[in-house]
Amino acid sequence: MLRRRSGSQLWAPGAVALRCRRPQGHLGEGGRLSIKRLLVGRPLPSSEEGHQRLGKVVALAVFASDAISSTAYATEEILLVLVPLAAMAALEYLVPIAVVVVVLLAIVIFSYRQTIHAYPSGGGSYVVSRDNLGVVPSLVAGAALLVDYTLTVAVSVSAGVAAITSALPTLREERVALCLAFIVVLTAVNLRGVKESGRLFAVPTYVYILTLGSLLAVGLVRSFTGDLAPLPPNEASLDELTHGGALLTGVTAMALMRAFSSGAVALSGIEAISNGVPAFRKPESRNASTTLVWMGVILAAFFFGISVLAHRLRPTVEEGGETLLSLIGGAVFGAGSPPYFLLQAATAAILILAANTAYNAFPSLSSILARDGYLPRQLHNRGDRLVYSNGILLLAGAAALLIVAFDGITTALIPLYAVGVFTGFTLSQSGMVRHHLREREPGWKRNTVVNSVGAAATAAVLAVVVVSKFTIGAWIPAVVIPLIVLVLRAIHRHYEEVAAVLRVPEGYRPLPHTHTVVVLVGSVHQGVLAALTYARSLAPDRLLALSVVTTIEESEAITEQWARHHIDVDLELRYSPYRELTSPVLKYLDELDAAYANDIITVVVPEFVLGRWWEPFLHNQSALLLKARLLFRRNTVVTSVPFHVAGPRPESRATVGFNEPGEARRDEGAPAGPSVSEDGGRRRRLLRRRR
């Protein structure tokens with residue numbers, strides 16, 4: 001170890017911390033902000049939040065697109081379960097299953113109307129369960145909805161891409177790339193704000209409603225009048241689905257349960273309106289309730305109509321090939337006709353944009369969970385467009401992972417889907433039963449019956465989904481949801497522990513302490529002198545400089561520089577034969593802790609601020625690691641003093657700051673180094689005597 005009482009500077013030469021400053025100009029800070037504003041738009045003040053609320057027409061497109069879009073694939077999913085077991089005879093089960101699904105839909109719609117009026121602040125299943133069932137059920141509901149919304153994006157986008165590849169088969173090999181591209185577009189649009197994304201998505205939603213409505217009207221009229229004959233069976237597709245007839249064992253009770261649970265995905269997205277009630281214009285509850293009823297009527301009519309038309313036309317479904325809606329559209333409008341392509345385009349658009357429901361509901365739910373301390377606090381904050389930007393980005397990343405993991409195949413994702421949907425339904429309706437029994441508001445008996453029936457029905461469907469699809473994918477959400485609950489509880493426990501540590505007891509007063517400032521130096525340059533000037537302005541009890549050297553030559557060089565520049569600060573030299581920086585510095589700080597009781601140590605790090613993005617790669621970055629290590633050391637403050645190597649700003653050349661190079665800081669007749677007061681000299685003499 002080398003010790004010196006008159007001078008030197010920290011680490012090995014060149015190992016000073018670096019920070020890159022973006023150059024000013026079209027590629028600098030201004031350019032970055034311009035690109036962001038181009039993509040996202042101008043920032044919105046909080047006072048404009050009320051103007052961002054939605055009317056019923058736009059809200060239907062924002063919150064109901066997920067549920068309405070499920071009509072494009074729900075009927076097909078029923079047939080994909082039954083056709084391999086019964087071939088074309090499976091179509092005889094289609095309409096009865098559709099009737100049961102529509103009855104279940106009506107029960108859930110009426111049940112969620114109660115939730116909207118009882119909880120106008122939003123939150124849906126999570127808030128209802130939290131207030132009425134307790135912490136664990138509410139976290140299960142929250143986790144289930146987070147999984148459901150993530151799957152909504154993955155399923156909607158993959159189904160939309162399937163509609164595109166049905167019309168353009170040459171794109172089937174690019175399925176995953178197309179899915180990811182659409183997720184990027186959806187994310188960018190939603191970052192612009194709820195109102196803008198709602199207006200943009202309203203057009204495709206209503207085009208789909210009109211196009212599908214026309215298909216059903218024309219198709220059913222032509223079919224029942226004898227103008228449209230059933231389609232001939234596609235023997236090749238049947239052979240592939242039945243594995244050459246090996247699977248034709250007949251429809252069992254378990255198969256019917258699986259088919260019903262596949263069709264029940266038509267109910268996905270219903271809870272989104274109850275989660276987003278605050279996004280509606282006033283009166284929020286009434287507008288949200290009306291929109292929910294509109295959505296239920298449209299969904300029931302379309303789902304039942306497609307099931308009836310499929311039963312009459314008898315198309316042969318294909319797994320991973322042409323979709324059922326494409327087959328029906330080709331039969332009714334004529335394959336390759338303009339109405340057919342309009343139907344396919346509208347279907348693709350509504351399916352892809354249906355993910356927008358999750359882009360609104362997932363961030364809102366994440367914000368509520370974060371507010372309650374169950375998710376990172378960053379998810380609670382709104383971005384500069386008054387949307388929960390972090391939640392949007394988190395949802396996009398999770399959905400993209402699902403797309404890649406399941407190769408963008410809708411049928412592979414469907415078994416994962418219904419578990420989260422009906423878990424949320426069941427807990428929400430059970431919570432509403434408790435709410436009515438406790439509050440006993442006007443009409444509480446009727447409402448209790450409605451929600452009790454809803455809870456029983458959705459619980460039964462949940463059991464059917466888990467039992468019938470456990471081995472083909474339903475086990476994944478059944479495992480993931482409890483794991484998410486554990487993560488949520490761990491996050492909450494962390495926040496409680498931090499709050500307990502930070503809480504100020506009655507009568508608490510911090511103990512007085514002394515202050516030691518250690519300036520880390522490598523060689524004498526303007527950045528080090530600026531750091532010493534700043535350290536002296538802190539008026540510490542002790543001001544020291546520390547340098548780590550690896551050779552005798554380095555120690556002699558820095559000692560000579562210290563003396564030549566007349567730096568009147570005690571210099572401590574530490575020898576590091578293995579060229580390590582962190583350990584000698586930490587050891588020295590430990591010695592200071594042992595020497596001075598109840599002392600706070602401030603470590604001052606001179607830091608270059610370079611002008612170009614590539615320049616930091618030309619310099620040693622070892623000081624960054626040291627700063628990171630010091631962050632976790634008790635009773636230690638780390639301060640970086642930036643020195644702008646690029647020179648003073650043009651507008652301030654007449655008054656150059658202490659941390660910028662220039663001649664303006666040098667006074668006539670003054671030494672190059674900073675002066676020291678008599679009081680500082682007395683402190684150094686006292687320090688030497690104590691040592």
Side-chain angles (χ1 to χ4, degrees), residues 1-17 516-577 579 581 584-585 587-589 591-592 595 601-608 619-620 622-623 626 639 641 643 645 658-691:
M1 180 184 71
L2 301 175
R3 302 181 76 97
R4 185 79 178 176
R5 291 292 186 271
S6 60
S8 184
Q9 193 191 5
L10 175 66
W11 13 118
V16 180
T516 299
V517 175
V518 178
V519 181
L520 305 179
V521 293
S523 61
V524 178
H525 50 68
Q526 290 191 45
V528 168
L529 300 182
L532 289 169
T533 300
Y534 170 78
R536 189 174 288 108
S537 70
L538 299 177
D541 297 281
R542 289 165 291 278
L543 175 58
L544 307 167
L546 174 65
S547 180
V548 176
V549 296
T550 59
T551 64
I552 296 296
E553 290 75 15
E554 286 183 18
S555 67
E556 292 176 349
I558 199 168
T559 300
E560 187 274 330
Q561 293 175 14
W562 208 257
R564 176 158 46 88
H565 290 283
H566 310 288
I567 302 176
D568 196 8
V569 175
D570 286 345
L571 175 67
E572 188 79 22
L573 297 178
R574 288 298 172 102
Y575 181 56
S576 178
R579 298 157 302 284
L581 172 63
V585 173
K587 185 177 180 181
Y588 178 68
L589 299 181
E591 293 176 3
L592 291 178
I601 298 176
T602 295
V603 179
V604 176
V605 183
E607 187 169 0
F608 293 155
H619 297 267
N620 195 334
S622 57
L626 177 62
T639 300
V641 177
F643 185 81
V645 176
F658 84 95
N659 62 344
E660 294 176 339
E663 296 297 327
R665 71 169 46 84
R666 180 171 298 186
D667 296 329
E668 291 295 331
S675 61
V676 67
S677 64
E678 294 182 3
D679 181 61
R682 286 195 297 270
R683 290 177 180 171
R684 287 192 303 279
R685 288 192 294 272
L686 177 61
L687 177 61
R688 292 193 184 98
R689 286 197 297 270
R690 293 180 64 177
R691 290 180 177 175

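Just the heavy atoms: all of them, side chains too, but no hydrogens, waters or symmetry mates, feed the values below. Keep in mind the model is a prediction, meaning the values are calculated, not measured.
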Requested in this report: Return the minimal non-hydrogen interatomic distance between L546 and Y588, and the atom names on each side.
Outcome: CD2-CD2, 3.6 Å
Report summary line: What one should report as the nearest heavy-atom pair of H565 and V524 is CD2-CG1, 3.4 Å
Query raised in the report: When you measure from the side chain of H525 to the backbone N and O of G527, does any donor-acceptor pair fall under 3.5 Å?
Result: yes
Query raised in the report: Atom CD in E591, atom CZ in R574: separation rounded to 0.5 Å?
Result: 4.0 Å
Query raised in the report: What pair of heavy atoms forms the shortest contact from A545 to V569, and how long is it?
Result: N-CG1, 4.1 Å
**Report entry** From L581 atom CG to T550 atom OG1, the distance as rounded to the nearest 0.5 Å
**Finding:** 11.0 Å
Query - V518 and its side-chain contact (heavy atoms from CB on, under 4.5 Å) partner, picked from L592, T602, V604, V585 - result: L592
Report summary line: Test side-chain contact (heavy atoms from CB on, under 4.5 Å), reference T516, set L589, L543, L544, V603, output is L544
Report summary line: In this structure, CD of Q561 is separated from CD of E556 (nearest 0.5 Å) by 12.5 Å
Query raised in the report: What is the minimum heavy-atom distance between T551 and Y575, and which atoms define it?
Result: N-CE1, 3.8 Å
Report summary line: Residues A535 and V519: closest non-hydrogen pair is CB-CG2, 3.6 Å
